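What follows is one structure encoded as C-alpha cells, with my remarks underneath.
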Number of protein chains: 2
Amino acid sequence: MTDKSSPASLSPTELEAYFALIEVSSLVRHTVEEQLRNAGGLSYVQFQLLATLGDSPDGSRRMTELADGVVYSRSGLTYQVGLLEKAGLVVRSPSADDDRGVTVTLTAGGRDVLARVFPGHIDGLRQLLFEPLTSEDVDSLARVLTIVRDHMRSNPPRSAKPRRKGAAPRPASGDA
Amino acid sequence: MTDKSSPASLSPTELEAYFALIEVSSLVRHTVEEQLRNAGGLSYVQFQLLATLGDSPDGSRRMTELADGVVYSRSGLTYQVGLLEKAGLVVRSPSADDDRGVTVTLTAGGRDVLARVFPGHIDGLRQLLFEPLTSEDVDSLARVLTIVRDHMRSNPPRSAKPRRKGAAPRPASGDA
DNA sequence: CGTTAGTGCTTCGAGTTCGAAGCACCCGAA
DNA sequence: TTCGGGTGCTTCGAACTCGAAGCACTAACG
C-alpha cells in the first residue's frame with residue numbers, strides 16, 4: 001500500500017468489463033423489477049429480502065445480516081422491513097440473545113408470495129441473462145464474480161463502517 | 001423456439017453467477033458513489049452522464065441516447081440533466097434536425113470536473129474490482145458480459161417501450 | 001458497582017427515483 | 001392539406017433512499 005504505482009487508467013478490456021458490468025446489472029435490475037411488480041407487487045429489494053429470508057433454514061435473519069446481504073443502508077432496510085411487516089409477509093421480534101437486535105422472520109404469507117413470484121423471476125433471468133451463454137460462459141462468470149465479491153467483502157467498505165471515532169480508518173486519501 | 005422446455009429453476013452455477021453479479025455491482029456502485037461524492041460532489045449517475053458525454057467526439061448526446069446508455073428513466077434523466085445544467089456542467093439546446101429533440105453538451109466546466117474526478121474513480125475501480133483478477137479473468141468477464149449486454153440490447157425491454165394505447169382501461173375523462 | 005466505548009436499530013429531513021400523464025413535434029396515409 | 005398515430009422530452013405526485021443523529025442496550029475496564 002506504500003507504493004501506488006497504478007497508472008491513472010485501466011486497460012481497454014478492463015473498461016469494457018466495467019461498463020458492461022454496470023449496464024448489464026442495471027438492465028437486469030430494471031427488467032426484473034418490472035416483472036416482480038407485475039407478478040406480486042414487490043420491489044426488487046423486497047424480493048431480495050424475502051429471498052434471503054427464504055434461504056435461511058428457519059426463515060429468520062437479523063437486520064444487520066439482511067442489510068449486508070442486500071447491500072442496503074440500515075435506514076432503508078428499516079423502511080422496507082416495515083413495509084413487508086405491514087403487508088404481513090414478515091414479522092419482527094426482539095432477538096433472543098441480544099436485546100438490541102431484531103430478528104426478522106418470514107411468515108406463511110411471505111413464503112407464499114415468494115413461491116408465487118419465484119418462477120417468473122427465474123424465467124425472466126433465464127431469458128434475459130443466460131440465454132446467450134454457454135455453460136462454460138456461466139462458469140467463468142460465476143468464478144470471476146465470486147472472486148471479486150470475496151475480495152470486496154474482505155475489504156473495508158462494508159455497511160459496517162466504524163463510526164467516526166478516535167481510530168481513523170480513513171487514510172486521509174488526497175482530500176483537498 | 002416452439003418448445004419452452006426450460007425448467008423452472010436455474011443451475012446452482014447460474015444462481016451463483018446471478019447473485020454475485022447483483023452483489024458485486026451493488027457494492028461497486030455504492031463504493032464508487034461515495035468516492036465520487038467526496039471527490040467532486042457528483043452522484044454516480046451524474047458521473048455516468050458526464051462520462052458518456054465526454055466519450056462523444058463533440059461532447060454532445062441526445063437525451064434518449066443518454067437514457068439508453070445509462071439505463072435511466074426519462075424523467076430521472078430530465079431531473080439529473082437539469083441539475084447538471086444548473087451546475088454549469090452541461091448545456092441543453094434544441095436538436096438541429098428534430099425540433100422535439102434536446103441535445104446535451106458538455107461545457108468546459110463539465111470537462112474540468114470530469115477530468116478532476118476520473119483518476120480517483122479509476123483508481124477505486126482498480127482496487128475494488130480488478131485487483132484480485134488476472135488479465136485472463138478480466139478477459140472472460142468482459143467477453144461474457146458483452147455477450148449478455150448485446151443480447152439484452154437486442155431484446156425488447158429497452159426504454160423504448162411502446163406506449164400503451166387502444167386497450168386502455170382509461171375512463172372517458174378527456175378525449176378518445 | 002460505575003463509567004465509557006461500541007453496536008443494533010430507528011427516526012428524521014432532504015434528495016432522488018419512477019411511471020403516468022401531458023405537450024409539442026414528426027411522419028405516413030388519405 | 002388534414003388526419004392520426006408515434007416519438008422526444010418534461011411535469012407531476014408518490015414512493016424510495018440515504019446519512020446523520022438519537023435511543024437502547026452490551027461489553028470492556030477500573
Side-chain angles (χ1 to χ4, degrees), chain A residues 26 29-31 33-34 36-38 41-46 48-49 61-68 70-87 92-104 158-167 169, chain B residues 26 29-31 33-34 36-38 41-46 48-49 61-68 70-87 92-104 158-166 168-171 173-176:
Chain A
S26 297
R29 227 190 148 105
H30 279 254
T31 308
E33 180 133 31
E34 188 181 358
L36 285 174
R37 195 175 306 271
N38 295 342
L42 291 176
S43 72
Y44 189 68
V45 187
Q46 289 168 343
Q48 277 184 296
L49 292 174
R61 289 282 171 99
R62 295 278 298 271
M63 291 289 279
T64 298
E65 290 177 295
L66 283 179
D68 279 357
V70 176
V71 185
Y72 225 64
S73 69
R74 308 307 183 93
S75 45
L77 181 64
T78 296
Y79 176 72
Q80 286 293 352
V81 169
L83 289 186
L84 288 176
E85 187 172 38
K86 202 176 303 178
R92 267 190 276 210
S93 49
S95 272
D97 47 339
D98 190 339
D99 259 345
R100 296 166 298 180
V102 170
T103 298
V104 184
R158 302 291 293 146
S159 71
K161 263 183 274 202
R163 242 169 260 190
R164 280 172 294 99
K165 286 286 177 158
Chain B
S26 297
R29 228 189 147 106
H30 279 254
T31 309
E33 180 133 31
E34 189 181 357
L36 286 174
R37 197 175 305 271
N38 295 342
L42 291 177
S43 71
Y44 190 68
V45 188
Q46 290 168 344
Q48 277 185 299
L49 292 174
R61 289 282 171 98
R62 293 277 299 270
M63 290 290 279
T64 298
E65 291 177 293
L66 283 178
D68 280 356
V70 176
V71 186
Y72 225 62
S73 69
R74 308 307 184 91
S75 46
L77 181 64
T78 296
Y79 176 74
Q80 286 293 350
V81 169
L83 289 186
L84 289 176
E85 187 171 38
K86 203 177 300 180
R92 266 190 275 210
S93 50
S95 272
D97 48 338
D98 190 339
D99 258 345
R100 296 167 298 179
V102 169
T103 298
V104 184
R158 302 291 293 146
S159 68
K161 264 184 273 207
R163 230 167 272 190
R164 191 160 292 136
K165 39 177 187 174
R170 194 164 69 85
S173 60
D175 187 28

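None of these values were measured; they are calculated from a predicted model. Protein chains get the first letters and strands the later ones, always in sequence-line order, with residue 1 at the start of each.
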Next item on the list: Grab the CZ-P distance between B:R37 and C:dA14 for me, whole Å please.
Entry: 16 Å

Note to self: Rounding to an integer number of Å, can you tell me how far A:L36 CG sits from C:dG19 C1'?
What the structure shows: 17 Å

Check: Taking only side-chain nitrogens and oxygens of B:R92, does any of them come within less than 4.0 Å of OP1 or OP2 of D:dT10?
Finding: yes

Notebook entry, point to check: Between C:dT10, C:dT17, C:dC18, which nucleotide gets closest to the side-chain atoms of A:V102?
Noted result: C:dT10

Distances under 3.5 Å only, N/O to N/O: pair up the protein atoms with those of nucleotides 25-27 of chain D.
none

Item checked: Rounded distance (Å) that lies between atom C1' of C:dT10 and atom CG of A:L83 -> 14 Å

Notebook entry, point to check: Has A:Y79 got a side-chain N or O lying under 4.0 Å from the OP1 or OP2 atom of D:dT17?
Noted result: no

Item checked: Side-chain touch A:E33/A:S43, heavy atoms, less than 4.5 angstrom -> yes

Notebook entry, point to check: In Å and rounded to the nearest 0.5 Å, what is the CG to OG distance from B:L77 to B:S73?
Noted result: 7.5 Å

Next item on the list: Kindly say if B:Q80 contacts the phosphate of C:dT17, meaning a side-chain N or O under 4.0 Å from OP1 or OP2.
Entry: yes

Check: Rounded to the Å, how far apart are B:Y72 OH and D:dT10 P?
Finding: 14 Å

Item checked: Closest-nucleotide ordering on DNA chain C, the 5'-leading residue of B:R29 and A:S95 -> A:S95

Item checked: Inter-residue atom distance B:S26.OG - A:R29.CZ, 0.5 Å rounding -> 5.0 Å

Check: So, does the side chain of A:T64 form a donor-acceptor pair with the base of C:dG8 at under 3.5 Å?
Finding: no

Checklist line | Proximal nucleotide (of C:dT17, D:dT10, D:dC16) relative to the B:T78 side chain | finding: D:dT10

Next item on the list: Report the distance from atom CZ of B:R74 to atom C1' of C:dC23, rounded to the nearest whole Å.
Entry: 16 Å

Next item on the list: Would you give the length of the straight line joining atom CZ of A:R62 to atom CG of A:D68, rounded to the nearest 0.5 angstrom?
Entry: 11.5 Å

Item checked: Distance test, side-chain N/O of B:H30 to OP1/OP2 of D:dC18, below 4.0 Å -> yes

Note to self: Distance check needed: D:dG8 P versus B:D68 CG, whole Å only.
What the structure shows: 9 Å

Notebook entry, point to check: Whole-Å distance between D:dT7 P and B:M63 CE?
Noted result: 18 Å

Notebook entry, point to check: For the side chain to side chain contact (heavy atoms under 4.5 Å, CB included) test, which of A:L36, A:T31, A:N38 pairs with A:E34?
Noted result: A:N38

Check: For the pair made of CG in A:L66 and P in C:dT10, what is the distance, rounded to whole Å?
Finding: 11 Å

Note to self: Between B:S75 and A:S43, which residue's closest nucleotide on DNA chain D lies nearer the 5′ terminus?
What the structure shows: B:S75

Checklist line | A:E85 side-chain N/O to A:R92 backbone N/O, donor-acceptor pair under 3.5 Å | finding: yes

Next item on the list: Mind checking the CG-CG spacing from A:L84 to A:L42? Nearest 0.5 Å is all I need.
Entry: 7.5 Å

